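Chain naming here is simple, since letters A, B, ... match the order of the sequence lines and numbering starts at 1 in each. Every value quoted in this text rests on a predicted model; they were computed, and no experiment measured them.
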Amino acid sequence: MHAVTKWLKEADPDVVCLQEIKAMTENFPFMEIEALGYNIEILGQKSYNGVAILSKRPFDEISKGLPGDETDEQARYIEAVIAGENGPFRVATIYLPNGNPAPGPKYDYKLDWMDRLKVHAKGLLKFEEPIVLAGDYNVIPEEKDVYAPKEWLTEALFLPQTRSKFREILNLGYTEAFEQMDGRAGQYTFWDYQRGAWQNNEGIRIDHLLLSPQAADKIVNFEIHKATRDGIKPSDHVPVVGIFDL
DNA sequence: ATGGTCGCGTAGCGA
């Protein structure tokens, strides 16, 4: 919470998508975050997963859970329509399954989840509105997005099937904000707690903003807030930020 | 090849 509130005050974002809340809804610190001016929507889960959307502007619609499997109990998806100054826009917070070890049931679940996301993301394009699908995708898109590609070849985050499924979603008509605005090699968003990964800059780029065409038209800047990886009790992920002229 | 670090919840799992 120290890291979160410090960043919220400094960056002052209009909308925030959080993943890995690791708490049931009733245990989320509503008061502290509402005090900073945010409306809050939570999909909580005990111990694992859990996602949230914070917004300074009001929510018009909310749907919780990724469609396509009524039996899926894991809290990994919230979608919101937010009332912008010049019309509505849509935001989803996504915590895509890690999938390790691969192969195995966890990797099967990851690929199934990505299939469901693809179907849903395709349907959303019909709205022809600004959409940002934001979150921890647990996908390293390309070799340039990992410090040592050869060491990651058998990891669920970098397997060819994972990367091609991610590409299939992009090829529906979504744009990665990072690729449109920057695209350089070695721009990481996650550094493991182990083995001095941060100190040695052994990172991976797995946190992404996927934009509908109408959102891609309106993006004016993209930032990776690396500084948050330092400091007291940091997350192993850092914020990725899109700035839009909506 | 191994062990290395976190949070949750109070052992061991998931990352």
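Of the P atoms belonging to B/dG9 and B/dT5, the separation is 22 Å, rounded to the nearest Å. To the nearest whole angstrom, the two P atoms, one in B/dT10 and one in B/dG14, are 15 Å apart. Of the P atoms belonging to B/dG3 and B/dG7, the separation is 22 Å, rounded to the nearest Å. Between B/dG12 and B/dA1, the distance separating the two P atoms is 27 Å to the nearest Å.
Side-chain atoms of A/Asn100 and A/Glu155 form a donor-acceptor pair, as typed in the model, at a separation below 3.5 Å.
At whole-Å resolution of the value, CD in A/Glu20 and P in B/dT5 are 19 Å apart.
Under 4.0 Å is where a charged nitrogen must lie from a carboxylate oxygen, and between A/Glu79 and A/Arg90 at least one such pair does.
When each of A/Phe166, A/Tyr174, A/Phe178 is paired with A/His208, the ring-ring contact (aromatic ring centres under 6.0 Å, His included) condition holds for A/Phe166 and for no other.
Phosphate contact (OP1/OP2 of B/dG14, side-chain N/O of A/Lys106, threshold under 4.0 Å): present. In this structure, A/Lys22 does not reach the B/dG9 phosphate: none of its side-chain N or O atoms is under 4.0 Å from OP1 or OP2.
Residue contacts for A/Phe190: at a heavy-atom cut-off of 4.0 Å it reaches no nucleic acid atom on any strand shown.
Two residues, A/Asn49 and A/Tyr193, neighbour DNA chain B, and the one matched to the more 5' nucleotide by heavy-atom proximity is A/Tyr193. Looking at which nucleotide of DNA chain B each of A/Arg195 and A/Asp236 is closest to, the 5′-most match is held by A/Arg195.
Under the 6.0 Å distance and 45° angle rule, A/Lys56 counts as a cation-pi partner of A/Tyr38.
Closest to the side chain of A/Ser47, from the set B/dG9, B/dG4, B/dA15, is B/dG9.
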